[in-house]
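Each remark here refers to the structure printed beneath this line.
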Amino acid sequence: MKAIVVTEQAAGTAGMKLVDRPEPQAAINDVVVQVHASGFVPTELTWPSTWTDRLDRDRTPSIPGHELAGVVTALGYGTTGLVLGQRVFGLADWYRDGTLAEYVAIEARNLAPLPGDVDFTVGASLPISGLTAWQGLFQHGRLKSGQSILAQGAAGAVGSMVTQLAREAGAYVIGTGRAADRQMVLDFGANEFVDLDKDSLQDVGKVDLVFDVIGGDIQNRSVERIRAGGTLVTIVGPAEARPSDGLAVDFVVESDRAQPSEIVQRVRDGRLRTNIGKVSTFDDAVAALNPTGRRKGNTIIRVRP
């Protein structure tokens with residue numbers, strides 16, 4: 001099968017190569033999925049799990065990519081809940097070969113059914129951004145109707161999901177970004193927009209929740225906006241600053257079977273829009289994953305036409 005591999009961490013995405021690799025086999029509780037579309041997060045090339053296994057042994061050449069949509073082609077021993085030929089989408093394990101390949105072996109519990117009226121490209125854009133937003137807002141942030149949230153990077157793949165899900169939950173959303181992002185952030189449902197280059201976060205009123213995807217100085221200044229009892233949720237590692245009278249939570253998104261079904265249903269009925277910036281063929285994937293300009297939204301690779 002064709003697959004994209006990486007062998008040197010220092011090379012980053014420039015070190016990606018499209019090569020031939022053996023097709024994976026389904027282990028116990030696994031399925032093999034014929035990948036139709038795959039998502040890719042550039043930061044995963046900085047994650048230790050891309051380069052080593054759980055015992056810290058080198059596992060290169062490794063296949064990156066963790067988001068997928070495709071069709072089940074093989075079932076491992078003991079696998080339940082899925083059937084051959086079923087359309088699925090989900091989030092692959094961090095420590096196993098990923099989804100930038102024609103086939104991937106993946107635990108069945110990491111997959112959810114993909115309805116027939118949802119395109120594979122859309123399905124592949126949902127797992128990381130959708131689950132990150134959902135888990136950050138509702139599991140870790142405990143967001144409730146009537147609360148307010150400061151959504152950093154609200155024009156990005158995760159931030160746009162955060163904005164939409166928070167608004168649907170009845171929250172007041174203040175989205176941040178660059179000047180060029182203003183209309184997009186408002187279109188995704190933010191009540192207000194803050195230009196991080198020109199506007200002052202000091203002018204933002206107190207909020208119940210800050211959802212941070214940026215870190216650094218922006219995160220530190222955001223903490224000051226959290227009212228007593230509020231929460232900072234971040235996905236960029238342990239918080240450098242903490243609310244004086246509140247919680248700071250950093251988390252890594254986890255696979256789930258129920259939550260993707262909630263998310264995709266919102267896409268089907270028009271309550272949630274994906275943020276896909278670029279779609280590329282598999283043959284052109286290496287170039288697409290090495291853009292010369294700023295990334296906008298998800299980059300999705302169509303593994304099968």
Side-chain angles (χ1 to χ4, degrees), residues 41-44 46-49 66-67 90-91 93-95 110 126-177 185 188-192 194 196 201-202 204-260 262-263 266 272 275:
V41 179
T43 55
E44 71 181 69
T46 67
W47 304 343
S49 57
H66 294 286
E67 300 176 283
L91 185 61
D93 189 286
W94 307 125
Y95 286 91
N110 292 346
L126 293 173
I128 288 182
S129 56
L131 288 174
T132 299
W134 187 279
Q135 293 170 15
L137 287 173
F138 306 124
Q139 290 181 211
H140 304 293
R142 302 183 303 280
L143 184 70
K144 297 179 178 62
S145 179
Q147 291 186 324
S148 56
I149 172 176
L150 180 63
Q152 298 288 10
V158 173
S160 58
M161 289 286 181
V162 169
T163 298
Q164 294 176 87
L165 289 173
R167 274 299 301 271
E168 189 202 17
Y172 186 90
V173 181
I174 304 167
T176 77
V185 170
F188 275 120
N191 299 92
E192 296 181 35
V194 175
L196 291 175
L201 284 175
Q202 299 301 319
V204 174
K206 294 291 186 177
V207 298
D208 298 290
L209 174 65
V210 169
F211 199 121
D212 170 53
V213 299
I214 300 175
D217 179 60
I218 297 297
Q219 181 191 98
N220 294 339
R221 289 189 282 136
S222 300
V223 167
E224 301 171 4
R225 301 295 90 213
I226 299 174
R227 61 170 48 98
T231 305
L232 166 69
V233 171
T234 180
I235 61 172
V236 294
E240 298 177 9
R242 305 176 68 87
S244 58
D245 183 14
L247 297 175
V249 180
D250 68 278
F251 77 101
V252 176
V253 64
E254 297 180 348
S255 295
D256 189 277
R257 180 170 287 181
Q259 292 169 1
E262 292 278 359
I263 292 166
R266 284 162 170 76
L272 188 65
N275 187 358

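Reckoned from all heavy atoms, side chains included, excluding hydrogens, waters and symmetry mates.
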request  = Assess whether side-chain contact (heavy atoms from CB on, under 4.5 Å) is satisfied between V253 and W94, documenting all intermediate values.
outcome  = CA-CA 11 Å; V253 64; W94 307 125; 3.8 Å; yes

Could you pull out the closest heavy-atom pair between [X] and [Y], with the gap in Å?
{"X": "P243", "Y": "A248", "value": "CD-CB, 4.0 Å"}
{"X": "A155", "Y": "N275", "value": "O-ND2, 2.8 Å"}
{"X": "S160", "Y": "A157", "value": "OG-O, 3.2 Å"}
{"X": "V185", "Y": "G175", "value": "CG1-CA, 4.0 Å"}
{"X": "V207", "Y": "V204", "value": "CG1-CG1, 4.4 Å"}
{"X": "I235", "Y": "F251", "value": "CG2-CE2, 3.5 Å"}

Hey, are the side chains of [X] and [Y] touching, using non-hydrogen atoms and a 4.5 Å cut-off?
{"X": "I218", "Y": "L196", "answer": "yes"}
{"X": "R142", "Y": "L247", "answer": "yes"}
{"X": "L131", "Y": "L91", "answer": "yes"}
{"X": "T231", "Y": "D208", "answer": "no"}
{"X": "V194", "Y": "I174", "answer": "yes"}
{"X": "T234", "Y": "Q152", "answer": "no"}
{"X": "V223", "Y": "N220", "answer": "no"}
{"X": "I214", "Y": "V236", "answer": "no"}

inquiry  = Set out, in order, the CA-CA distance, both residues' side-chain angles and the distance that settles side-chain contact (heavy atoms from CB on, under 4.5 Å) for Y172 and I149, then state yes or no.
reply    = CA-CA 6 Å; Y172 186 90; I149 172 176; over 6 Å; no

query = When you measure from the side chain of Q164 to the backbone N and O of L272, does any donor-acceptor pair fall under 3.5 Å?
reply =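 No; judged by distance alone, with no hydrogens or angles, the pair does not exist.
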
inquiry  = Quick check against the 3.5 Å criterion: does R225 have a side-chain atom that pairs as donor or acceptor with the backbone of K206?
reply    =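 Looks like no, no N/O pair under 3.5 Å.
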
Using 0.5 Å steps for rounding, measure from the [atom1] atom of [X] to the [atom2] atom of [Y].
{"X": "D245", "Y": "I226", "atom1": "CG", "atom2": "CD1", "value": "11.0 Å"}
{"X": "F211", "Y": "L143", "atom1": "CZ", "atom2": "CG", "value": "10.5 Å"}
{"X": "S148", "Y": "L209", "atom1": "OG", "atom2": "CG", "value": "8.5 Å"}
{"X": "S129", "Y": "I263", "atom1": "OG", "atom2": "CD1", "value": "8.0 Å"}
{"X": "S222", "Y": "L150", "atom1": "OG", "atom2": "CG", "value": "5.0 Å"}
{"X": "W134", "Y": "M161", "atom1": "CH2", "atom2": "CE", "value": "11.5 Å"}

Evaluation steps, side-chain contact (heavy atoms from CB on, under 4.5 Å), between E192 and V173 = CA-CA 7 Å; E192 296 181 35; V173 181; over 6 Å; no

Is it the case that the side chains of [Y] and [X] hold a donor-acceptor pair, with the cut-off being a distance below 3.5 Å and no angle test?
{"X": "E254", "Y": "Q259", "value": "no"}
{"X": "D212", "Y": "Q219", "value": "yes"}
{"X": "E224", "Y": "Q202", "value": "yes"}

task = Mind running side-chain contact (heavy atoms from CB on, under 4.5 Å) on V233 and V210 for me, showing each step along the way?
result = CA-CA 6 Å; V233 171; V210 169; over 6 Å; no

